[in-house]
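Below: one structure, written as structure tokens.
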Number of protein chains: 2
Amino acid sequence: MEKQIDNHYRYLQQHFSYLIRQQALLPGEKLPSERDIGERFNLTRMTVRQGLQTLEAEGLIYRQNRRGWFVSPPAVVYNPARRQSFIEYVSSQGFEPSTDLIGVTVNPADARMAELMKVDKGARLLFLQRRRSIDGRPVLIEHIYINTALLPGIEKEDMSQSLTHLLRSKYGQAYHSMNLTFKSTALQEDAARELGAAAGLPGLHIERTNYDASGRVLELDYEYWRHDAVTIQIDVID
Amino acid sequence: MEKQIDNHYRYLQQHFSYLIRQQALLPGEKLPSERDIGERFNLTRMTVRQGLQTLEAEGLIYRQNRRGWFVSPPAVVYNPARRQSFIEYVSSQGFEPSTDLIGVTVNPADARMAELMKVDKGARLLFLQRRRSIDGRPVLIEHIYINTALLPGIEKEDMSQSLTHLLRSKYGQAYHSMNLTFKSTALQEDAARELGAAAGLPGLHIERTNYDASGRVLELDYEYWRHDAVTIQIDVID
DNA sequence: CGTTACTTCTGGTATAGACCAGAAGCAACC
DNA sequence: GGTTGCTTCTGGTCTATACCAGAAGTAACG
């Protein structure tokens, strides 16, 4: 008993949504081109695009700039309270994580960063930009600010590895507490481009501040996720 | 030093984004109609709509079905670990919360709900549908399933009030733990309509399971938020 | 063999119209 | 005074077409 659909783009949406749920289209698989779909269903490309955009908003498909539309793989579950590294939680869920280091610089803190990281203006901050992928699909851009004063020599380490592991092994320093903020919003132009997507992609912003036992800011982490790639899960116990 | 914008819709986006940040347009204020904007900037309505949609994706504006586009108020911060009721955390941030009860029914649990709530199939579940608003703007649809066996007589209470308060006062039963899941996705047709929006609205789904001290499921809560209305914030301490 | 240049395919952006459906205000009517 | 029905304004959907820009494959070239 399917509801009658009178909108063309909704019909498309339901059609592909059905195919994906039935696994007639598999994760990562490419959809036909917008023009092909339009021909097959006798619809204008604009209408086709509207249908595809609603599927994108639902998280069922995603696009790669000028390459095409693809079926979204299942979202990875991210449970921040577990203190697992990206590599740990992605691979434990049966996916293949990878990391590209986009940039490493050491910069003096400006007024804003100094306040956020509770350091003096001009303090040396290590700034990392990384792109992280799941099964080869870029899903996440990270901007990380590290307080070098608390972690001397860290700028000489391999920054494409897990920071969690690095801090554990080299500095014997487990994180003590963290503050997390999640916000659903569009991805900024830079982040979107580095994910191989057009700007305006629906995204999830995560802001994470990591503190040591004395309440000092070890690390400030901005994550920009493709919105279909992740589900957040948290347990709260009184 | 503004970057040169060569896309028309991006120009619009930047233009309104600027006006909103400068508070030349205030929260809740209505934008000119799509046709007016098109005339003023010499753009097609389709192009105008694309610009507005990117602003919507950013969370700067929202629409009400066939009424117009409006500037989004600041997002309310929702900190689930604090165990505050909607009324508490909204009003403590200087906004005016309100609740509409859309539906109350008592239904026997089907197979799926029985499993989720760890009850026998056919067990009586109280099902609530509520719409919650901030400063008169509908932001959230709630679907709540309550295990009546654990909370006898609860179906006779006023269900437009805070459940948190009700459980505290009438049943002396504080929640013990909860499991939370966040997912960025499009709002379902029903939820979108009840929020006065078109389907496909970018949204945030929150699924919350509340347990008592014995690990029994007191309440299962599905929340469908307008994505621009809320920011999630959590502190994690080891 | 590796590089370059061309061609083709893809989505990205934009124009110019059209008609529909719901929201809201208003005027006439009872 | 309240209801009814019309008009107007709004966004919602859709057609038909055009050109641009980046990705990818291919053929020619050194």
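The model shown is predicted, which means the values in this text are computed figures rather than measured ones. Order of the sequence lines fixes the chain letters, A, B, ..., with proteins taken first and strands second; residue numbering starts at 1 for each chain.
- Protein atom CZ of A:Phe41 is 18 Å distant from nucleotide atom C1' of D:dT15, rounded to whole Å.
- Distances were taken from every side-chain heavy atom of A:Arg45 (C-beta onward) to each of D:dG12, D:dT15, D:dA18; the shortest belongs to D:dA18.
- Atoms CZ (B:Arg193) and P (C:dA23) sit 11 Å apart, rounded to a whole Å.
- Atom CD1 of A:Ile61 is separated from atom C1' of C:dT10 by 14 Å (rounded to the nearest Å).
- Counting non-hydrogen atoms of neighbouring residues, nucleotides and ligands closer than 6.0 angstrom, the CD atom of B:Glu29 exceeds 12 such neighbours.
- Note: CG (B:Leu43) to P (C:dG17) measures 15 Å, nearest angstrom.
- Under the salt bridge (charged side-chain N to carboxylate O under 4.0 Å, His left out) criterion, A:Glu142 pairs with A:Arg130, A:Arg132, sequence neighbours left out.
- Listed by residue number, A:Met46, A:Arg49 are the residues of residues 46-54 of chain A with a heavy-atom contact under 4.0 Å to DNA chain C.
- Between the CD atom of B:Glu39 and the P atom of D:dG11 there is a distance of 13 Å, given to the nearest Å.
- Between D:dT15, D:dG11, C:dA14, one nucleotide has an atom nearer to the side chain of B:Tyr9 than all others, and that is C:dA14.
- Closest to the side chain of B:Arg10, out of D:dT13, D:dT10, C:dT13, is C:dT13.
- If you find the closest nucleotide of DNA chain C to B:Asn42 and to B:Arg35, the one lying nearer the 5' end belongs to B:Asn42.
- The separation between B:His8 atom NE2 and C:dA16 atom P is 11 Å, rounded to whole Å.
- Ranking C:dT15, D:dG11, C:dG11 by closeness to the A:Trp69 side chain, first place goes to C:dG11.
- Note that OG1 of A:Thr148 is 14.5 Å distant from CZ of A:Phe127, once rounded to the nearest 0.5 Å.
- Judged by distance alone, the side chains of A:His165 and A:Glu88 do bring a donor and an acceptor atom under 3.5 Å apart.
- Applying the 4.0 Å criterion to OP1 and OP2 of C:dT10, one finds that A:Ser33 has a side-chain N or O inside that range.
- Within the nucleic acid shown, A:Arg63 comes within 4.0 Å of sugar-phosphate atoms alone, with no base atom in reach, counting heavy atoms only.
- Below 30°, between 30° and 60°, or above 60°: for B:His15 and B:Tyr11 the angle between ring planes is below 30°, a parallel geometry.
- Separating the CG atom of B:Asn7 from the C1' atom of C:dG11 is a distance of 13 Å, rounded to the nearest angstrom.
- Cation-pi geometry between B:Arg137 and B:Tyr62 is satisfied (NZ or CZ under 6.0 Å from the ring centre, within 45° of the ring normal).
- Pairing each heavy atom of B:Ser133 with each of B:Pro138, the nearest pair is OG-CA, 3.4 Å.
- Donor-acceptor pairing under 3.5 Å is recorded for the side chains of A:Glu34 and A:Trp69.
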Quick test: give all pairs of protein nitrogen or oxygen and nucleotides 21-25 of chain D nitrogen or oxygen below 3.5 Å, distance rounded to 0.1 Å.
from, atom 1, to, atom 2, distance (Å)
D:dA21, N3, A:Arg66, NH1, 3.1
D:dG22, O4', A:Arg66, NE, 3.3
D:dA24, OP1, A:Arg67, NE, 3.3
D:dA24, OP1, A:Arg67, NH1, 2.9

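- Rounded to an integer number of Å, the gap from CZ of A:Phe70 to P of C:dT10 is 11 Å.
- For B:His143 and B:Tyr224, the ring centers sit closer than 6.0 Å to each other.
- Here the closest non-hydrogen pair linking A:Phe86 and A:Ser98 is CE2-O, 4.1 Å.
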